[in-house]
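Order of appearance sets the numbers: ligands from 1, and atoms from 1 within every ligand.
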Amino acid sequence: MAYRMEGLPERVTVYEVGPRDGLQNESAIVPVEVKAEFVDRLADAGHTVVEATSFVHPKWVPQLADAAELLGRLDRRPGVRYPVLVPNERGLDRALELGVTEIAIFASATETFAAKNLNRTLESQFDMFEPVVARALEHGLDVRAYVSMCFGDPWEGPTPIEQVVAVGERLLGLGCYQLSLGDTIGVGTPGHVTALIGAFGGPDRLAVHFHDTYGQALGNTLAALKAGVTTVDASTGGIGGCPYAESATGNLATEDLVWMLRGLGIETGLDLDKLVSTSTWLAERLGRPSPSRVVQALAKG
Ligand code: HMG
Ligand code: MG
């Protein structure tokens, strides 16, 4: 039984980041065949977009050093997109060699995180991204952009909204088809989400990417949906975090999101039972239970 609320979309695209944002923080290396099966199970559960891995420096994120091998093992399904994270031209070259058709760049809204995550300044991160986006577009790729630390930063405190908008508008201006607003450390609250989307002039080309560190991810998602956003990032099982921001815990769990959207009568095309069994299967491989409340409730039966 669904109970609709006024002012919400009919359909939401869940942009699944489990294999990338979820796994990148795991210290024990997950075998590549487990990653490939994870991605395939996500597609089987109805996902139309699964962010598969990252072409970052392997020393920076050792867990995803097998990106090329993973892509070679993917059983690509028609109608499913498999974007990858790319920070620079070296990463783009690696992705192009493998026939990738969609990439995501990832910028910082704050000076400190630009240094810690990208070894760049707030300004010089654009010197890195501009040629990546230009070349990717020349090759016909779709380019998504993230902006991290949109609500607060562990070193600098709350992030000024105008600073986020300045970075975000520049990324969109490069030709990115979508901008995902990242609450990397999960400190945002619903009114802040509404204010940030409003400062962008509305939801056009915006997606949201919430980490659930302070338990705000679902409330923030509802605020974003009310503001007109229709793409929501989530990670199956709620796994994840950012290796360069210790206070970042897992993303909003896909199952928690789907439970809420299903209850609101919003279409996602996702099979909740298949997502939960995937999370239970992955939890056994990672050696600890999924942090998702919905997985915990449903897995108990
Ligand atoms: P750098 O050290 O400044 O790199 O790192 P460089 O350009 O000076 O190059 C140094 C060497 O690295 C060179 O090799 C390059 O070829 C090599 P050498 O000539 O010395 O032999 N190199 C590479 N090798 C393979 N692949 C590459 C690559 N790039 C350079 N792509 C860099 C700069 C951006 C590469 C580094 O800082 C990096 O890899 N950072 C990635 C950090 C990361 O992945 N963080 C997690 C993802 S972001 C996130 O989780 C947030 C998000 O979820 C949203 C949210 O929650 O807010 C997206
Ligand atoms: Mg993230």
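- An angle of 90° is found at the Mg ion (ligand 2) between H211 atom NE2 and H209 atom NE2, rounded to 10°.
- A salt bridge (Lys or Arg N to Asp or Glu O under 4.0 Å) with E26 is found for exactly one of R20, R288, K35, namely R288.
- Heavy-atom separations between L85 and ligand 1 include at least one value shorter than 4.0 Å.
- Using a 4.5 Å heavy-atom cutoff, the side chains of L118 and M128 are in contact.
- Contacts between S148 and ligand 1 below 4.0 angstrom, taking non-hydrogen atoms only, involve backbone and side chain alike.
- Ion pairing between a basic and an acidic side chain is recognised when a charged N comes within 4.0 Å of a carboxylate O; D212 and R293 show no such pairing.
- Distances from atom 1 (P) of ligand 1 to the heavy atoms of D233, N119, N25, V56 put N119 nearest.
- For ligand 1, the atoms lying closer than 4.0 Å to a non-hydrogen atom of H211 are 56 (O).
- Taking every non-hydrogen atom of N117 and a distance limit under 4.0 Å, the qualifying atoms of ligand 1 come out as 37 (O), 40 (N), 41 (C), 42 (C), 43 (C), 45 (N), 46 (C), 48 (S).
- Considering each of L118, N88, D183, the one bringing a non-hydrogen atom nearest atom 29 (N) of ligand 1 is N88.
- Annotation for ligand 1: atoms under 4.0 Å from non-hydrogen atoms of V61 are 43 (C), 44 (O).
- Between V80 and H47, the shortest heavy-atom contact is CG2-O, 3.6 Å.
- By the neighbour-count criterion of 12 heavy atoms within 6.0 Å, atom CZ of R94 is densely surrounded, having more than that number from other residues, nucleotides or ligands.
- Side-chain atoms of D153 and T159 include no donor-acceptor pair closer than 3.5 Å.
- At least one cation-pi condition fails for R170 and F129: the charged atom is not both under 6.0 angstrom from the six-membered ring centre and inside a 45 degree cone around its axis.
- The proximity of R20 to ligand 1, defined as any non-hydrogen pair under 4.0 Å, is limited to the side chain.
- Under a 3.5 Å cut-off, the side chain of S54 and the backbone N or O of V56 do not form any donor-acceptor pair.
- Taking 4.0 Å as the cut-off, P58 counts as a neighbour of ligand 1 on heavy-atom distance.
- For atom 47 (C) of ligand 1, the choice among Q125, Q24, Q63 with the nearest heavy atom turns out to be Q24.
- Polar contact with ligand 1: absent for M149 (N/O pair, distance under 3.5 Å).
- Within D21, the N, O or S atom at minimum distance from the Mg ion (ligand 2) carries the name OD2.
- Residue contacts with ligand 1: Y146 is placed with no nitrogen or oxygen under 3.5 Å of a nitrogen or oxygen of the ligand (distance criterion only).
- Here the OG1-CH2 distance, from T236 to W281, works out to 11.0 Å after rounding to the nearest 0.5 Å.
- Of all the heavy atoms of D21, the ones lying under 4.0 Å from any atom of ligand 1 belong exclusively to the side chain.
- Distances shorter than 4.0 angstrom occur between a heavy atom of R120 and an atom of ligand 1.
- In this structure, I29 is not a member of the same hydrophobic cluster as I239, with clusters built from ILVMFWY side-chain heavy atoms closer than 4.5 Å.
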